[in-house]
Amino acid sequence: MNPLEAYHLPLKPADESVILAAKNEVFISEFPAPSRARVLLTAEDQLRSEIKRSSDGRILVTCVTDLPGVSPEMVSWWFGWHLPSTERYRLWHPIAHVATRVEHDRSDAATSEEKYIGNTSHVDEFIGDELKKLSIHFKPPIQFGFEESTLRKSVAICAETYDRNAHTRGGFLVHYVVATDKGSQMRSAFWLGDFSCSLPVVGALVDCLINTSWVRRRILTTNFAKSLLLHCGEEMQHLGRFLPALYESRRELDD
């Protein structure tokens, strides 16, 4: 019997608040840079699931997911544990997640953070109807404004995202997980539109062309931003359904 069979659960719709946010109009508003993610994600009374577009065409997608019975430690463990395996990755979103491979398999690392920080996950996944081939380069939380004192009872998963087909960095993401009296809350943020082309010779010229409001608005459509919001709402809520049991069963095996 497949040891992960018990965690292959049918996907449910995202929380109603996320579905409603994806139906709303996109807010025209400025927002903090990724380096100030801590300021954005610790402002609990101001954060909600929504989409904002700045005057220069960039987009910020935020998604708030309550995770009953899940601790921040479990989420950090998940990011380190699932990286080397497509089967594990597909548990997270059984419909949209297609395949993954990790740059360096650090399964034997001492801590969860050592397994993913500084590592790269190459994933194929659907965002809406569009198959994206992405590279997720995990970064230290300090680069996003988090301090050790902030993370004593919380976890920040931080990364740059690259489109492998376009050879271009597309933006940044942070999943900030804080403990609550019922479990934890996942506060996710995606900054889209800080483009940087990795192609030699022409990269700098491409950057000048694509980092304009006109081009950003055509590459980063409202429909794509709404699909990303729904995708995050689905996968994080789904993760919360099986993670506590998976974490306990795997910890027993590891011990």
Side-chain angles (χ1 to χ4, degrees), residues 2 4-24 26 49-51 59-67 70 74-75 77-103 116 119-138 157-166 168-175 177 186-193 219-243 245-246:
N2 185 336
L4 298 182
E5 187 65 33
Y7 311 106
H8 286 263
L9 306 179
L11 186 74
K12 292 184 177 181
D15 186 79
E16 199 171 307
S17 63
V18 175
I19 294 173
L20 180 61
K23 293 178 180 178
N24 290 337
V26 172
S49 297
E50 62 184 355
I51 302 168
I59 279 179
L60 174 68
V61 176
T62 53
C63 183
V64 179
T65 310
D66 290 321
L67 301 173
V70 174
M74 291 180 190
V75 177
W77 173 86
W78 165 257
F79 273 89
W81 180 80
H82 87 269
L83 288 185
S85 165
T86 289
E87 184 182 12
R88 296 175 184 179
Y89 174 64
R90 294 197 67 190
L91 290 176
W92 195 1
H93 196 306
I95 296 175
H97 288 183
V98 177
T100 186
R101 65 181 177 85
V102 69
E103 196 80 19
Y116 62 84
N119 211 345
T120 301
S121 178
H122 304 291
V123 302
D124 298 349
E125 64 180 354
F126 282 94
I127 306 296
D129 295 329
E130 186 177 356
L131 178 62
K132 304 293 289 185
K133 298 193 175 215
L134 307 173
S135 292
I136 303 170
H137 300 330
F138 294 97
I157 315 292
C158 308
E160 288 182 310
T161 59
Y162 286 74
D163 186 315
R164 302 201 310 273
N165 286 339
T168 301
R169 184 189 70 199
F172 304 86
L173 67 84
V174 174
H175 301 300
V177 191
M186 171 87 75
R187 303 171 187 172
S188 303
F190 303 83
W191 289 261
L192 308 176
I219 295 175
L220 299 173
T221 65
T222 297
N223 283 341
F224 176 78
K226 291 185 175 184
S227 293
L228 177 60
L229 174 57
L230 286 172
H231 178 96
C232 183
E234 290 170 352
E235 69 180 359
M236 293 312 181
Q237 179 175 260
H238 191 71
L239 178 64
R241 293 174 60 207
F242 66 80
L243 183 55
L246 174 65

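No more than 12 heavy atoms of other residues, nucleotides or ligands shown are found within 6.0 angstrom of CZ on R101. Heavy atoms from other residues, nucleotides or ligands lying under 6.0 Å from NZ of K133 number 12 at most. Taking a 6.0 Å sphere around CG of N165, one finds it holds more than 12 heavy atoms contributed by other residues, nucleotides or ligands.
To the nearest 0.5 angstrom, E130 atom CD is 6.0 Å from F224 atom CZ. With rounding to the nearest 0.5 Å, the separation of CD1 in I157 from OG in S188 is 10.0 Å. Once rounded to the nearest 0.5 Å, the distance linking CG of D66 with CZ of R187 reads 9.5 Å. Here the CD1 atom belonging to I219 is positioned 11.5 Å from the CG atom belonging to L192, to the nearest 0.5 angstrom. Considering SG of C158 and NE2 of H175, their distance stands at 9.5 Å, rounded to 0.5 Å.
Side-chain contact between E125 and L134 is present, with at least one heavy-atom pair separated by less than 4.5 Å. T100 is not listed as a side-chain neighbour of R88, based on a closest heavy-atom distance of 4.5 Å or more. Side-chain contact between V75 and M186 is present, with at least one heavy-atom pair separated by less than 4.5 Å. Contact check for L246 versus W81: side-chain heavy atoms found under the 4.5 Å cut-off. At least one side-chain heavy atom of L229 sits less than 4.5 Å from a side-chain heavy atom of V61. Side-chain contact between K132 and D163 is present, with heavy atoms from C-beta onward closer than 4.5 Å.
Pairing each heavy atom of I136 with each of A159, the nearest pair is CG2-CB, 3.5 Å. Considering every non-hydrogen atom in both T65 and C63, the closest pair reads OG1-SG, 3.9 Å. When all heavy atoms are compared, the tightest approach of L60 to A189 is CD1-CB, 4.2 Å.
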Decide side chain to side chain contact (heavy atoms under 4.5 Å, CB included) for H8 and E87; before the verdict, give the C-alpha distance in whole Å, the side-chain angles of both, and the deciding distance to 0.1 Å.
CA-CA 10 Å; H8 286 263; E87 184 182 12; 3.8 Å; yes

Side chain to side chain contact (heavy atoms under 4.5 Å, CB included) assessment of F190 paired with T161:
CA-CA 9 Å; F190 303 83; T161 59; over 6 Å; no

Go through the steps to decide whether T222 and I59 satisfy the test side chain to side chain contact (heavy atoms under 4.5 Å, CB included), and finish with yes or no.
CA-CA 9 Å; T222 297; I59 279 179; 5.9 Å; no

Would M74 and V177 satisfy side chain to side chain contact (heavy atoms under 4.5 Å, CB included), going step by step from the backbone distance to the final call?
CA-CA 10 Å; M74 291 180 190; V177 191; over 6 Å; no

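The closest donor-acceptor contact from the side chain of R90 to the backbone of S85 lies at 3.5 Å or more, if one exists at all. Counting only distance, with no hydrogens or angles, the side chain of S49 and the backbone of V64 share a donor-acceptor pair below 3.5 Å. Side-chain atoms of W191 never come within 3.5 Å of backbone atoms of G171 as a donor-acceptor pair (strictly under, hydrogens ignored). With H231 contributing its side chain and F126 its backbone, the two residues share a donor-acceptor pair below 3.5 Å.
Among residues two or more places apart in sequence or in another chain, the side-chain contact (heavy atoms from CB on, under 4.5 Å) test is passed with E103 by N119, T120, H122. Taking the ring pair (Phe, Tyr, Trp, His ring centres under 6.0 Å) definition, one finds that F138 meets it with Y116, sequence neighbours left out. Under the ring pair (Phe, Tyr, Trp, His ring centres under 6.0 Å) criterion, Y162 pairs with H137, sequence neighbours left out. Residues meeting the ring pair (Phe, Tyr, Trp, His ring centres under 6.0 Å) test with F242, sequence neighbours left out: W78, H238. Among residues two or more places apart in sequence or in another chain, the ring pair (Phe, Tyr, Trp, His ring centres under 6.0 Å) test is passed with Y89 by H97.
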Name the atoms and distances for all side-chain donor-acceptor pairs under 3.5 Å in residues 10-18, with sequence neighbours left out.
{"unit_1": "D15", "atom_1": "OD2", "unit_2": "S17", "atom_2": "N", "d": "3.0"}
{"unit_1": "D15", "atom_1": "OD2", "unit_2": "S17", "atom_2": "OG", "d": "2.6"}

